[in-house]
Amino acid sequence: MDCRSSDQDVRTPLPSTARDGLKIVIVGGFGVGKTTMVRSVSEIRPLSTEETMTQAGVGIDDGASPGKTTTTVAFDFGRISLNEHMVLYLFGAPGQERFWFLWDRLFAGTLGAVVLVDTHRLADSWYSIDRLEHHGTPFIVARNNFGEPQHSLDQVRQALDLSPGVPLIDCDARRRDSSKTVLLSLVQHLFALSSARETTP
């Protein structure tokens, strides 16, 4: 396996004031935009384990995302500083079923997750949600809009059978500001859950 960095330039060194590191995992179906999100928002050159899809993967990896030529075979890794003290370490999980065995290890030490969904392939998100619920990992759901949405957020919530307490937001994983908003929404959700636990007798 050839682990390599993307061509993106190094952006920002880790602040000397950083003291809180949070591990975040981005999960979702094959080709939904996880690698794109990590690349768009990371302030360092992200580590990528993307490999070129070959003839051996025909009928296995290419069915859900026509035109896709590469695939993540381990994970993507990036970093973003939310403020002078808090840093998020981002792990993008592989989407193909044959690499799902890696997920349990990626979830270890994770404070929260983003489930990235494509409304054209909502069923691809069910496994992600099931595994997060199984591990008791808090998560939010982000609808990745590469084009005009065909369903309302309420319809997406109903189709995924999300509880009212799970935030569901829109995003464009190609845009840094949009991806950062998703991560901030997750952090706010984690803080809200933590505060609720502290106030519960």
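Predicted model, so just to flag it, every value in this text is computed and none were measured. We use all heavy atoms of the structure for the numbers below, so side chains are in, but hydrogens, waters and symmetry mates are not.
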**Student:** Check whether any side-chain heavy atom of R176 lies under 4.5 Å from a side-chain heavy atom of M37, and answer yes or no.
**Tutor:** no
**Student:** Looking only at atom types and distance, does a side-chain atom of S195 sit under 3.5 Å from a main-chain N or O of A192, one as donor and one as acceptor?
**Tutor:** no
**Student:** Please report the interatomic distance CZ(F77) to CZ(R45), rounded to the nearest 0.5 Å.
**Tutor:** 14.5 Å
**Student:** Identify, with sequence neighbours excluded, every residue that meets side chain to side chain contact (heavy atoms under 4.5 Å, CB included) alongside Q155.
**Tutor:** H151, S152
**Student:** Roughly how far apart are Q188 CD and L193 CG, rounded to 0.5 Å?
**Tutor:** 12.0 Å
**Student:** How long is the span from the CG atom in L168 to the CG atom in L162, to the nearest 0.5 Å?
**Tutor:** 6.0 Å
**Student:** Could you tell me the separation between the CD1 atom of I169 and the CG atom of N144, rounded to the nearest 0.5 Å?
**Tutor:** 11.0 Å
**Student:** If I take atom OH from residue Y89 and atom NZ from residue K23, how far apart are they, to the nearest 0.5 angstrom?
**Tutor:** 12.5 Å
**Student:** Less than 4.5 Å apart, any side-chain heavy atom of N145 and any of C171?
**Tutor:** no
**Student:** Any side chain to side chain donor-acceptor pair (under 3.5 Å) involving residues 177-186? Give me the pairs, sequence neighbours left out, ordered by first then second residue.
**Tutor:** S40-S179, R175-D177
**Student:** With a 4.5 Å cut-off on side-chain heavy atoms, are V115 and L132 touching?
**Tutor:** yes
**Student:** Quick one: does V41's side chain get under 4.5 Å of L88's, heavy atoms only?
**Tutor:** no
**Student:** Using the salt bridge (Lys or Arg N to Asp or Glu O under 4.0 Å) rule, collect all pairs that involve residues 151-173, keeping only residues at least two apart or in two chains.
**Tutor:** R143-D170, D172-R174
**Student:** For side chain to side chain contact (heavy atoms under 4.5 Å, CB included), just list the numbers for L116 and V27, CA-CA rounded to whole Å, side-chain angles, deciding distance to a tenth of an Å, and then say yes or no.
**Tutor:** CA-CA 6 Å; L116 205 57; V27 297; over 6 Å; no
**Student:** Can you find a heavy atom in the side chain of F139 that is under 4.5 Å from one in the side chain of I129?
**Tutor:** yes
**Student:** Which one of V25, V114, L183, D76 satisfies the side chain to side chain contact (heavy atoms under 4.5 Å, CB included) criterion with L90?
**Tutor:** L183
**Student:** Under a 3.5 Å distance rule, please check whether R121 uses its side chain to pair with a backbone N or O of F30 as donor and acceptor.
**Tutor:** yes
**Student:** Does D118 reach the side chain of D124, with side-chain heavy atoms less than 4.5 Å apart?
**Tutor:** no
**Student:** Applying salt bridge (Lys or Arg N to Asp or Glu O under 4.0 Å), which residue pairs with at least one partner in residues 125-142 are found, sequence neighbours left out?
**Tutor:** D104-R131
**Student:** Return the CD1 to CD1 distance between I80 and I44, rounded to the nearest 0.5 Å.
**Tutor:** 11.0 Å
**Student:** Check G112 against L190 and note the closest heavy-atom contact, atom names and distance.
**Tutor:** CA-CD2, 4.1 Å
**Student:** Contact between M86 and S81 at the side-chain level, heavy atoms closer than 4.5 Å - yes or no?
**Tutor:** no
**Student:** Could you tell me which residues satisfy ring pair (Phe, Tyr, Trp, His ring centres under 6.0 Å) with H120, sequence neighbours excluded, listed by chain and number?
**Tutor:** none
